[in-house]
Amino acid sequence: VFHQLLIAHDGSEPSRIAAHAAIDLAAQLRAQVTLLTVSPPFHIEKAEDPVLLLDVEKDYVTARTHLAQSWLRPCEQYAQSRRVEAASLHVFDDQPWRAIVETAKRAACDLICVGSHGHSGLLTLMLGSTSYRVLVHATVPVLVHRARGE
Amino acid sequence: MFKHILVPTDGSELAKAALRKAVQFAKSIGAQLTQVIVDEPFAVIAVDDPLVYLHTQEQYQEATRKRAAEVLKFGEEYAQSEGVRINSVHVYDPVIYLGIITTAKEHRCDLIFMASHGRRGIAALVLGSTTYKVLTHTTLPVLVWRGTN
């Protein structure tokens, strides 16, 4: 039914729980998973000499990549333990929902799995803005995993 | 993982497509289905002579029940042809999304599988209001099905 699941992970607890649930589902469906973390790109409003910032940008990208790896690795390991084939992706985009929807298309995913909210979610009873936008813009089905209490 | 999937339906084409997909999904993971139709109860705001409406209420119940039976039959036949266990529920609730969530609780479902819109949705532009409300009010995972066109 579903062969390739896209699992979005922003490092938050609800999203980690949702990712693990999605991997469990993939194990049952014998589907493959693509794990995705979206980071905000490096932005500097104003710099007198942009050359000075080259190192800053490099450091930022390195730090973000490490952070993303620290979220994605444990999921890869969990997938391995469930015998689910997993690939990890880390992309930079100001709009996480856009990166999620586009990656799903590019990686030919037929189901997108997200948590009901990530870092910026306020209440467990509401739907996070990224999850909502993914739902609105996705062209494939979306599985929204609810966070149960904080 | 998921053992009992609730599929709300309203007889729309998209809901039918979602139901077919839900049956395939249930089949592949060995789950059972409950399909539900929620209708608004007959409501009269103000009546001079309530007797006038007695017949109308009966007619309303009769009509909604008959339509629900037709829609539910589609799901039953399809699920049975695929060897998936299904049961059908028709409830009246003035608030459709609450009727869906209550049914999920009563039947101890662990996933709600529903179309992105029902009969009242503007095709594929936004998320249907019932689907959105179910998403924001349930504690269960929700799989939002989109047509593949």
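Numbers restart at 1 for each chain; the letters A, B, ... are given by sequence-line order, proteins then strands. Just so it is clear, the structure is predicted and the values come from calculations on it, not from any experiment.
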Below 4.5 Å from any heavy atom of chain A, which atoms of Tyr132(B) appear? Answer side chain, backbone, both or neither.
side chain

With a 4.5 angstrom heavy-atom cut-off, could you sort out which part of Val140(A) is near chain B: side chain, backbone, both or neither?
backbone

With salt bridge (charged side-chain N to carboxylate O under 4.0 Å, His left out) as the criterion, how do Lys73(B) and Glu77(B) come out once you've worked through the C-alpha distance, each side chain's angles and the decisive distance to 0.1 Å?
CA-CA 6 Å; Lys73(B) 198 173 152 216; Glu77(B) 285 176 354; 3.8 Å; yes

Regarding Asp110(B) and Lys3(B), does a basic nitrogen lie under 4.0 Å from an acidic carboxylate oxygen?
no

Chain B heavy atoms under 4.5 Å from Ala21(A): which part of the residue, side chain, backbone, both or neither?
both

Whether the Tyr78(B) and Gln24(B) side chains hold a donor-acceptor pair (N or O, under 3.5 Å, no angle test) is what I'd like checked.
yes

Contact origin within Ile112(A) toward chain B - heavy atom pairs under 4.5 Å
neither

Which bit of Ile112(B) comes within less than 4.5 Å of chain A, counting heavy atoms only: side chain, backbone, both or neither?
neither

Hey, are Tyr78(A) and Asp24(A) close enough side-chain-wise for a donor-acceptor pair under 3.5 Å?
yes

Any chance the side chains of Tyr97(B) and Thr138(B) put a donor and an acceptor closer than 3.5 Å?
no

